[in-house]
Amino acid sequence: MFTIFPDEQALAKQLSQELYTSLAQQPKLSLGLATGSTMLPIYQELIQLHRTQPLDLTQLTTFNLDEYLGLSPDHPQSYNYFMHQHLFKYLPLTTEQTHLPQGLCTDVEAQCAAYRAKIAAVGGIDIQLLGIGSNGHIGFNEPLTPFDSITHIAHLTAKTRQDNSRFFTNQAEVPTRAITLGLSEISQAKKVYLVITGQHKATISAKLFASQVTETLPASILKQHSNAHIYLDAAAASQLPEEVQAQLLASKKILC
Ligand code: GLP
């Protein structure tokens, strides 16, 4: 289901409130977290909510989607560092509660297996947050990743490395590989939010809206999920069909 919000701030407010309500109702939640600029307003809203209406988070468990291979957790472009800087340091969470793949490790396959096992041990992911790459990737599951993939080593496409080079000094510095949750694990989450914001995501949003479920567009796997919510801001929705834009003005949810 697609929902369109006037701007990313309105989207972040709504989504963080929904997450917070879920946390209040189900303290033992297993939350799948994502990185990327798209998540920043959502994390800021969550931090603000926790400041004004603190919740007991001691039973919460979080699992991040992915991490670059080759980067240490204190590397400023690592996803471990991102999560600490933008969310974890503001919330009363212990290191035992928050899980991320590690970019520096000698046996990556063993780490993938251990990560899968940790998620399975808590009964899978209850709510998964996702952003999207301009080529339709979710996590680091690039186009043509099999839908039945599990946590694995992903080889990043030139497009993804180019997109993500804005955070590095140059493209050569962007790692070529990452650990990512697989599409099978992501789509087994009980509830999924895919967040798409900004004009630069308008083309992939329109493609996703029109697409069949296909491995060429990894995010399309969510179209067969019974509880997936695709939240767009108006800029990201700007290339959707006109009738959809009209429904946007009427603030209706669109099933697709
Ligand atoms: C990276 C991450 C994705 C994220 C994507 C988009 O490739 N692996 O999880 O969705 O970037 O990031 P942004 O939100 O900065 O556009």
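For ligands, and for the atoms within them, numbers begin at 1 and follow the listed sequence.
The aromatic rings of Tyr68 and Phe168 lie perpendicular to each other, with more than 60° between the two planes, well past the 30° mark.
The shortest N/O to N/O separation between Arg166 and ligand 1 falls below 3.5 Å. Distances between N or O atoms of Asn164 and those of ligand 1 include at least one value under 3.5 Å.
Within ligand 1, counting atoms from 1 as listed, the ones closer than 4.0 Å to a heavy atom of Gly131 are 10 (O). Within the listing of ligand 1, atoms 12 (O), 13 (P), 14 (O), 15 (O) sit less than 4.0 angstrom from a heavy atom of Gly36.
Using a 4.0 Å cutoff on heavy atoms, Glu67 does not count as a contact of ligand 1. Gly139 counts as a contact of ligand 1, since one of its heavy atoms falls under 4.0 Å from the ligand.
For the pair Gln14 (side chain) and Phe5 (backbone), a donor-acceptor distance under 3.5 Å is absent. Counting only distance, with no hydrogens or angles, the side chain of Ser149 and the backbone of Gly182 share no donor-acceptor pair below 3.5 Å.
Looking only at protein heavy atoms, the nearest one to atom 8 (N) of ligand 1 is Asp66 OD2, 2.8 Å. The single protein non-hydrogen atom nearest to atom 4 (C) of ligand 1 is Thr35 O, 4.0 Å, given as residue, atom name and distance. Nearest non-hydrogen protein atom to atom 14 (O) of ligand 1 is Thr38 OG1, 2.4 Å. The protein heavy-atom contact nearest to atom 16 (O) of ligand 1 is Lys201 NZ, 2.7 Å. Closest protein heavy atom to atom 1 (C) of ligand 1: Tyr79 OH, 3.4 Å. Shortest contact from atom 6 (C) of ligand 1 to any protein heavy atom: Ile132 O, 3.4 Å. Regarding atom 7 (O) of ligand 1, its nearest protein heavy-atom neighbour is His137 NE2, 2.8 Å.
Note: Thr21 OG1 to Gln25 CD = 6.5 Å, rounded to the nearest 0.5 Å. In this structure, CG on Leu208 lies 12.0 Å from NZ on Lys201, to the nearest 0.5 angstrom.
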Problem set entry | Residues Tyr115, Leu181; criterion side-chain contact (heavy atoms from CB on, under 4.5 Å); working and verdict | CA-CA 9 Å; Tyr115 205 66; Leu181 279 194; 3.9 Å; yes
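By the neighbour-count criterion of 12 heavy atoms within 6.0 Å, atom CD of Gln212 is sparsely surrounded, having that number or fewer from other residues, nucleotides or ligands.
With a heavy-atom cut-off of 4.0 Å, Ser37 touches ligand 1 through backbone and side chain alike.
Among all heavy-atom pairs drawn from Gln97 and Thr58, the shortest one is NE2-O, 3.3 Å.
Tracing side-chain contacts under 4.5 Å through hydrophobic residues (I, L, V, M, F, W, Y), one never reaches Leu71 starting from Ile179; they form parts of separate clusters.
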